[in-house]
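Notes for the one structure printed next.
Numbered from 1 within each chain, the chains take letters A, B, ... in sequence-line order. Atom set for the values below is all heavy atoms of this structure, side chains included, hydrogens, waters and symmetry mates excluded.
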2 protein chains.
Amino acid sequence: MMPYPQKTEPLAILAAALDIVENQGWPALSMRSVAAALGVRASSLYRHYADRAALDSALGALAAKTLLREMESAAGRLDGPARLDAMALAYVRFARNSPALYQLIAAPGGAADSQPESKAIWNLILDAIARCSKTRRDHTPAAVVLWSFLHGYISLDAAGKFGASGPKGALEKGLAAIVKGFA
Amino acid sequence: MMPYPQKTEPLAILAAALDIVENQGWPALSMRSVAAALGVRASSLYRHYADRAALDSALGALAAKTLLREMESAAGRLDGPARLDAMALAYVRFARNSPALYQLIAAPGGAADSQPESKAIWNLILDAIARCSKTRRDHTPAAVVLWSFLHGYISLDAAGKFGASGPKGALEKGLAAIVKGFA
DNA sequence: GTCTATACCACGATAGAC
DNA sequence: GTCTATCGTGGTATAGAC
């Protein structure tokens with residue numbers, strides 16, 4: 001449900017920022033808009049977040065933590081291709097449900113890649129691939145292929161680039177083909 | 001070579017904008033910065049471009065035209081998998097050489113997808129896949145898989161998400177696997 | 001911990017002189 | 001076709017009263 005246990009202001013601020021960024025997009029996020037959503041003045045926020053970058057950073061941490069948690073949860077006790085498949089679908093689901101937070105994971109200046117969870121996510125994927133594979137060689141290229149496909153699909157779909165015809169099941173087909181290729 | 005046969009100033013402005021956006025990124029592009037690069041005042045630009053959106057639009061047109069031309073050129077008289085491969089590599093090369101323009105092709109609000117060339121690019125890909133395939137069914141899913149992989153790889157690579165280890169040949173491997181899967 | 005007030009900056013855009 | 005001057009907006013951030 002909610003990101004974290006709610007204490008006082010800092011979390012309320014983060015929640016308001018999250019709400020704005022997910023419902024109105026990144027350009028709408030400013031110290032002013034967050035403050036307005038809380039019925040407060042922008043200058044008040046600086047008591048709780050040193051500057052705008054600190055707010056972005058907190059959102060980045062939230063993104064990385066949430067995605068890692070959801071992928072681990074989806075993986076559960078699964079193993080082999082089923083594990084990888086479940087994790088990939090959890091990744092796509094997160095990106096669809098929280099497109100703005102997802103940008104912090106994958107976008108150029110993303111505030112999430114300084115988070116330790118980002119590294120953990122990468123290792124989780126590498127591990128899942130290793131469990132599918134019979135060989136013991138470096139699985140980095142395989143992980144790159146999988147990640148590239150997922151991210152590309154998510155981005156283009158979210159941008160509406162597949163047009164009226166839609167992707168026509170390409171996600172499932174591509175994912176199945178890639179995971180199968182690992183075994 | 002050049003986008004249009006226009007007179008003098010409009011193209012000089014477009015060139016200056018292109019230079020800024022490719023060398024300093026999108027945030028650095030403003031009517032002021034373009035004007036400064038030309039040794040002129042910002043207000044002067046409005047004689048040649050009605051507003052900022054018109055400038056963006058011109059860049060979008062440039063992006064779509066350039067990419068289409070380079071993909072057609074790469075395809076040449078090739079056929080079968082070789083044709084598809086050459087086009088895919090031309091796509092990647094364009095994205096690498098002109099990362100800012102590429103964003104107009106693939107990014108959410110991209111100013112290029114209203115261009116007729118964008119449709120032409122899509123059809124070019126669909127046609128190339130059809131030439132690889134023995135079946136006559138709808139190749140939309142295949143095109144979506146290919147495009148997703150290419151775009152995802154380009155984006156994550158440009159964002160430095162592959163880290164110090166690098167992609168380790170994943171582009172070539174993934175592309176080969178996908179194209180092979182079409183035959 | 002929030003308020004008012006303010007400073008500073010950069011942006012897009014227009015009016016009117018030259 | 002470019003200039004100066006100016007306007008309005010909206011962003012980050014600080015100082016100091018309450």
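One atom, CG of B/L55, and another, C1' of C/dC11, lie 14 Å apart when rounded to the nearest Å. Look at CG on B/D51: it is 14 Å from C1' on C/dC11, rounded to the nearest Å. Rounded to whole angstrom, the span from the OH atom of A/Y49 across to the P atom of D/dT12 amounts to 15 Å. At whole-Å resolution of the value, CD1 in B/I20 and P in C/dA10 are 15 Å apart.
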Checklist entry - So A/Y46 and A/M31, side chain to side chain contact (heavy atoms under 4.5 Å, CB included) or not? Walk me through it. => result CA-CA 9 Å; A/Y46 291 86; A/M31 300 301 270; 3.5 Å; yes

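With A/K168 contributing its side chain and B/A142 its backbone, the two residues share no donor-acceptor pair below 3.5 Å.
Salt bridge present: A/D127 and A/R131 bring a charged side-chain N and a carboxylate O closer than 4.0 Å.
In this structure, A/Y91 and A/I154 have side chains that are in contact, with non-hydrogen atoms separated by less than 4.5 Å. Side-chain contact between A/D157 and A/R96 is present, with at least one heavy-atom pair separated by less than 4.5 Å. Taking 4.5 Å as the limit, every side-chain heavy atom of A/I178 sits out of range of all side-chain heavy atoms of B/F149. The closest side-chain heavy-atom distance from B/P81 to B/K180 is not below 4.5 Å.
Scanning both residues, A/E22 and A/L101, for their nearest heavy atoms gives OE2-N, 3.0 Å.
Of all nucleotides listed (C/dA13, C/dG1, D/dA13), C/dG1 comes nearest to the side chain of A/H48.
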Write out a two-atom table: protein N or O, nucleotide N or O from nucleotides 16-18 of chain D, distance below 3.5 Å.
none

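Listed in residue order, the members of residues 29-46 of chain B having a heavy atom less than 4.0 Å from DNA chain C are B/S30, B/M31, B/R32, B/S43, B/Y46.
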